[in-house]
S.K.: 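Got a structure here, written out as structure tokens. Questions coming.
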Amino acid sequence: MRKTVSKRQWKVFKVLLDSNQELSTPQIETRSGVEHPQVAATLIYAQEQGWLTLKEHLRKELILSDSAEDQMKKGLPERQVLPILAEKGRMPMQEMARIAKQKEIPMGDIIKWSSLRGWVKKDKGELIITKDGHKAIDNPDADEKAIELAIKSGTLFLDQLENQGIDPARVNKLLNKRTSLAKIKERTIRLACLTDAGRKILSEDIKIIKEQNILSPEDIESGEWKNIKLRHYNVTLEAEKIYPTKIHPMQKIIQQTRKAFLEMGFTEIVSPQAESAFWDFDALFQPQDHPARDMQDTFYLTRPAEAKLPHDKFVENVKQTHENGWKTGSTGWGYKWNLSRAKEMVLRTHTTSTTIRALAEDPNPPRKVFCVGKVYRNEAISYKHLPEFFQVDGVIIDEAASLATLLGTLQEFYRKMGFEKVKFKPAFFPYTEPSAEAFVYMESKKSWIELGGSGVFRPEVTRPFGCKVPVLAWGLGLDRLAMLRYGINDIRELYWSDLDKIREVSLCR
Amino acid sequence: MPVVTVSVKRLNELLNKQYKLNVLVDALEQLGCDVEDTAELGLYQCPACQTPNDRLEHEEPPKRCDFCGFESEEPFEKYATDKVIRIDLLADRPDLFDTGGLSRALKGYLKLEKGLSEFTVKEGNIEVNVDPVLSQKETFRPYIACAVITMPPLDQTSLREIMRLQENLHWGIGRDRKLSSIGVYDLGTLTPPIKYTTVDPIEFKFCPLGMPGVQMTPRKILEEHPKGVAYAHLMDNYKRYPILMDANDLVLAMPPIINSNETKCKINSSRLFVDVTGITQDAVINSLNTLVSALIELGGEVETVKMNYPEGPKATPDLSPKKINIKLDAAQNWLGLDFSKQEFMGYIRKMRLNIEPKKDVYEVSYPAFRSDIRHEVDLFEDLAIGYGFKNIQTKLVPSLTIGEARKEEELSQIVREAMTGLGFTEIMSLHLQSVERHFTKYQMEPGKEHVIIKNPKTIEQKVARCHLMTGVMETFYKNRRKTVPQRIFEVGNIMLINPKMETGTNEYRHLAFAIIGPETGYAEGRMVLDSVMRELNYKGDYKPVSHPAFCQGRCAELTGDAGLWARVGEIHPQVLNNFGLTYPVSYCELRLVKVI
């Protein structure tokens, strides 16, 4: 089969066929009129085909700045003042500064470059010309000669200088940091030479076709595409990064949590964020002098300041339970319960207020309910704490509810949240008995992380609302889970969002 | 929450075994303790008052006594280091606050001992006379309970253990000395009987702990002594201050602030006098019972002290066990565990309780200090711990229930899908804000519709949000150096006052979206709003409105059936200035549904 090459490739091969020697890439570029990247790509392609050999070597090229020619015409700053200094032999610095100002050349440049060249010495505030300085008056320095050559020839490599009697090391030293004049850049130069086989194929067995980046609608419709080669891309290169718009990472955790509960047969419930102390504390058998009810920890409200309470039976049962245990089999707390404290309005401190309301509304088994919502603690904002965060609470009201089914349900819940390894330890919470803390194994941290409390509601909590079976309850702060999962160290990052970061968090994390 | 540090060496000494660290940590966790970590602790002692001033190995050695404020040029001398387990105190279980109490529980869990510990109390002959004036409002601290304990002569270890336990009980039961406070003294320095009375804060003088040779008035102690300064607030309403003195008017303590220097416990003290005073009987009795029971574990022997109250005498401490009946089947059902009678009684005894089968029930005796027990379920917890949480075979409830999502959540998910499809990124912002960030910056007057917080720590949490603008505007500010246009949205609840509601508020689920960029304007906001309305099948009518946060003539409100409401417009340039923004913003807020 005949080999096909594009028109542009052919221009490159033609140059090589016409020559009997090795050719450098710049030479090929000049002779073929093809630009550097395409020449390079063509040569590499041909090398892979075995049509030519490529030799590479590094060369230092002298690249003039745009103003180099101009500067040379005017004379470099240090050269302009050299004859004046030579005449006097030595000169105070101020004198030189005055001359520099007159000639509109920077004083700094004069001192810096003539010192580097060894033309002058500084002595007690005076500049003294050296022997080399005197010699230099009529003799251009190495770099000046090199620049003149470069201006004439267009490109100049340092390795070409020795033939011209110019010391490349001195050129390198003098120009290395003088980018306003010229840069010395390392370049890889390739020398290409056709192999015998390549020469044979390219002279006899070639079909030249058009090569394009894209096909036009006309190319496609007319069938012209048959004569066109789509240029090959390097399909392994990295692509530019783009991200879809997304829901917030915290939202993803909330939705994952809701999904877990819904799949497990739980009904979603809701309750007010501005809540009465009755539902937030009293209904959960929290005594009215409990430290959690302090102004220190709980946000109280001035508007609305007072709640209406549920019907009298519930309030009376709760009061009795606090005072003497009522019919719950408990001793109660043994203090005088105060109705007005129960009417105080707070921002709910947990979503357990939501689940206890649901229990009061319908205490009949079997029921499974859950809610996700904001809860509030009276804290100042810091990297570790916010005064508000999301919490999930779940409750099971069931004849078969027990510690063993609590742990089983939690295990299943945490598995759905992505934690395969879960363990439990006993804990002490005010309104559950027994209570358990769940620990999940976090692969990214290589350690067990405490994640949420749980327990069986005390009868003092459930009986006043007419519930006669055990009730399982658990809750978990979702912000902490988000911090762990996304590796966030500063909780504030979640709520004062860097939009790029939201988009970059992978949906499957 | 205070952390208790337990020496591994000391614990093994009390257990009379050589347990490895991990065995102890695991056992403590299975007992319900929150083990914070394990560490090396440097032991230091104040040269002036001998109070322990321990520091973790990576911390600076102390130069100033935490207790009496004594300062030295050189750091205190470290006399030993100790491998310790650090445990967060469990507020509900003061009996596990110290090495003595923990060792009692561990002995049961590790099967070294079982059943109730012996708490023998001998009758003593020391009396305390209680002045009736302490029951009056202006000097109210009426309750006192005391005990005499004979310990093996105190060394640095036991002295520090007593002091630490005392501090922990101040926190755990005393609510930082508010309800009750404890004093421990060298009985050898005292002449009984003791009197509990009051003194004048300005005229009376004594030498407080840590300041040998300095006589101070109670008022001066509150002003100058470190402990006085720390607890002065407890004396705010007192005309005269409570005081404990012996027969020769030697001061024991000025509760709840400070003990005297002369009567303090020292190395080699052996016969100790303990008092607890306070404003509730429960706290006083619980503190004393817990303290003396722990000291018994450390080798102490207890004698009673007779309180002569105005209404009659009463001897303390009373460590006789309390009793409660529990049922086997109730326990099995509550825990979902199957165990035989024998196993059942074994688990209870393992938890250092006694159990006796009666006719239909089992009678459990528990120590006087277990003030957490108010119901049989409290014992079910002990039973579960005795059984071992590790050993529980977990299961699921068999009942079938059908899950159901809330309507507003389902709706919000549809809205999120639409908004991300329209090229908007979701943000979430905080609900609590300052008046300035919620109203003033929008040129709005705070009206009567928003929830006001009474006691925020900072003004940043003064109002609960009634609109979603601030999260949006502040997100734009945070991202002001990034390329525009930016498109963001938030879906969340807002609260509005409604006196007719049980809790005085309504909550609505709102959608807010906004675009910032040189080209955006009313038309773009309106286009997106109409698109969302079509997706939700909502219909409404627009009318022009003027609103201080929006440009005049470029703001509309939409209303429709079932409380449908939206506002859309271009944000006022003054508001852009107020939030540090330099491009136009088009903003829309749509009420999706009423939640509460």
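Protein chains get the first letters and strands the later ones, always in sequence-line order, with residue 1 at the start of each.
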S.K.: Kindly give the heavy-atom pair with the smallest separation between B:Glu507 and A:Ser271, and that separation in Å.
M.R.: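 Closest approach of B:Glu507 to A:Ser271, heavy atoms only: OE2-O, 4.4 Å.
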S.K.: So which of B:Glu474, B:Glu490, B:Gln461 has the largest heavy-atom pair count under 4.5 angstrom toward chain A?
M.R.: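 The residue among B:Glu474, B:Glu490, B:Gln461 with the greatest pair count is B:Gln461.
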S.K.: Calculate, to the nearest 0.5 Å, the distance between atoms CG and CD belonging to A:Leu262 and A:Glu268 respectively.
M.R.: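 It is 6.0 Å, given to the nearest 0.5 Å.
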S.K.: Which atoms of A:Phe299 are under 4.5 Å from chain B, going by heavy atoms: the side chain, the backbone, both sets, or neither?
M.R.: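 For A:Phe299, the contact with chain B is made by backbone and side chain together.
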S.K.: Please name the pair of heavy atoms, one in A:Val372 and one in A:Arg258, separated by the smallest distance, quoted to 0.1 Å.
M.R.: CG2-CG, 3.9 Å
S.K.: Any salt bridge linking A:Lys308 with B:Glu502? Criterion: basic side-chain nitrogen under 4.0 Å from a carboxylate oxygen.
M.R.: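 Result for this pair is no, no salt bridge flagged.
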S.K.: Checking heavy atoms, do the side chain of B:Leu396, its backbone, both or neither come under 4.5 Å from chain A?
M.R.: both
S.K.: Sort A:Phe429 into side chain, backbone, both or neither according to what part of it lies under 4.5 angstrom from a heavy atom of chain B.
M.R.: backbone
S.K.: Quick check against the 3.5 Å criterion: does A:Asp500 have a side-chain atom that pairs as donor or acceptor with the backbone of B:Asn479?
M.R.: no
S.K.: Side chain to side chain donor-acceptor pair (under 3.5 Å) between B:Thr394 and A:Gln411: does it pass, once the steps are laid out?
M.R.: CA-CA 8 Å; B:Thr394 66; A:Gln411 213 152 32; 2.9 Å; yes
S.K.: Against chain B, label A:Phe390 side chain, backbone, both or neither, depending on which of its atoms sit under 4.5 Å from a heavy atom there.
M.R.: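 A:Phe390 touches chain B through side-chain heavy atoms alone.
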S.K.: Between A:Trp333 and chain B, with a heavy-atom cut-off of 4.5 Å, which part of the residue counts as in contact: side chain, backbone, both or neither?
M.R.: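 Contact with chain B involves both backbone and side-chain atoms of A:Trp333.
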S.K.: Please classify the contact between A:Ile269 and chain B as side chain, backbone, both or neither, with a heavy-atom cut-off of under 4.5 Å.
M.R.: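 The backbone, not the side chain.
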S.K.: Donor-acceptor check, side chain of B:Arg93 to backbone of B:Arg370, threshold 3.5 angstrom: yes or no?
M.R.: no
S.K.: Against chain B, work out which of A:Ile254, A:Asp398, A:Asn378 has the most heavy-atom pairs shorter than 4.5 Å and name it.
M.R.: A:Asn378
S.K.: Measure the spacing between CZ of B:Arg416 and CD of A:Gln255 and express it to the nearest 0.5 Å.
M.R.: 5.0 Å
S.K.: Looking at A:Ile502, A:Thr409, A:Asp498, which one has more heavy-atom pairs under 4.5 Å with chain B than the rest?
M.R.: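 Counting heavy-atom pairs under 4.5 Å, the top option is A:Asp498.
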S.K.: From B:His450 NE2 over to B:Thr505 OG1, what is the distance, rounded to the nearest 0.5 angstrom?
M.R.: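 With rounding to 0.5 Å, NE2 (B:His450) is 13.5 Å from OG1 (B:Thr505).
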S.K.: Between A:Met264, A:Glu450, A:Lys368, A:Glu399, who has the most heavy-atom pairs with chain B when the cutoff is under 4.5 Å?
M.R.: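 With the most close heavy-atom pairs to chain B, the winner is A:Lys368.
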S.K.: When heavy-atom pairs shorter than 4.5 Å are enumerated against chain A, which of B:His431, B:Lys454, B:Met495 gives the highest number?
M.R.: B:His431
S.K.: Where does B:Lys482 contact chain A at under 4.5 Å (heavy atoms): side chain, backbone, both or neither?
M.R.: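 Looking at B:Lys482, just its side chain touches chain A.
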S.K.: Measure the spacing between OG1 of A:Thr245 and CZ of B:Phe424 and express it to the nearest 0.5 Å.
M.R.: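 If I round to the nearest 0.5 Å, the distance is 9.5 Å.
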S.K.: Please report the interatomic distance CZ(B:Arg509) to OG(B:Ser412), rounded to the nearest 0.5 Å.
M.R.: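 Going from the CZ atom of B:Arg509 to the OG atom of B:Ser412 covers 4.0 Å.
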S.K.: Please classify the contact between B:Asn506 and chain A as side chain, backbone, both or neither, with a heavy-atom cut-off of under 4.5 Å.
M.R.: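 Neither part, no heavy atoms under 4.5 Å.
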S.K.: Does A:Lys501 come within less than 4.0 Å of A:Glu504, counting only side-chain N to carboxylate O?
M.R.: no
S.K.: Mind listing the closest non-hydrogen atom pair of B:Tyr387 and B:Asn391 along with its distance?
M.R.: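 Heavy-atom minimum between the residues: O-ND2, 2.8 Å.
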S.K.: Could you look at B:Met428 and say if it's the side chain, the backbone, both or neither that has a heavy atom under 4.5 Å from chain A?
M.R.: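 For B:Met428, backbone and side chain are both near chain A.
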S.K.: Answer with side chain, backbone, both or neither: which region of B:Glu417 has an atom nearer than 4.5 Å to a non-hydrogen atom of chain A?
M.R.: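 Neither part, no heavy atoms under 4.5 Å.
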S.K.: Apply the test side chain to side chain donor-acceptor pair (under 3.5 Å) to residues A:Tyr495 and A:Asp479: give CA-CA distance (whole Å), side-chain angles for both, the deciding distance (0.1 Å), then the verdict.
M.R.: CA-CA 10 Å; A:Tyr495 296 104; A:Asp479 296 57; 2.5 Å; yes
S.K.: Report the option among A:Lys246, A:Gln273, A:Glu437, A:Lys343 that has the most heavy-atom pairs separated by less than 4.5 Å from atoms of chain B.
M.R.: A:Gln273
S.K.: Given heavy-atom pairs under 4.5 angstrom as the criterion, report whether the side chain, backbone, both or neither of A:Leu494 touches chain B.
M.R.: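 For A:Leu494, the contact with chain B is made by the backbone alone.
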S.K.: If you count heavy-atom pairs under 4.5 Å between each of B:Gln413, B:Glu460, B:Gln486, B:Glu376 and chain A, which one has the most?
M.R.: B:Gln413
S.K.: Going from CG on B:Leu383 to OH on B:Tyr347, what distance comes out if it is rounded to the nearest 0.5 angstrom?
M.R.: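 Those atoms lie 8.5 Å apart.
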S.K.: Heavy-atom distance under 4.5 Å to chain B: side chain of A:Leu499, backbone, both or neither?
M.R.: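 Both backbone and side chain.
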S.K.: Return the option, out of B:Ala464, B:Ala384, B:Pro456, with the maximum number of heavy-atom pairs under 4.5 Å with chain A.
M.R.: B:Pro456
S.K.: For B:Lys462, is it the side chain, the backbone, both, or neither that has a heavy atom closer than 4.5 Å to a heavy atom of chain A?
M.R.: neither
S.K.: Under 4.5 Å from any heavy atom of chain B, what part of A:Glu275 do you find: side chain, backbone, both or neither?
M.R.: both
S.K.: Measure distances from A:Phe285 to the heavy atoms of chain B and classify the residue's part below 4.5 Å as side chain, backbone, both or neither.
M.R.: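 The answer is the side chain of A:Phe285.
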S.K.: Name the member of A:Ala274, A:Ala307, A:Ala305, A:Ala400 that forms the most heavy-atom pairs with chain B at distances under 4.5 Å.
M.R.: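 Option with the top pair count is A:Ala274.
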S.K.: Let me know if B:Leu430 has heavy atoms under 4.5 Å from chain A in its side chain, its backbone, both or neither.
M.R.: both
S.K.: With chain B, which of A:Glu379, A:Met250, A:Lys374 has the greatest number of heavy-atom pairs at distances under 4.5 Å?
M.R.: A:Lys374
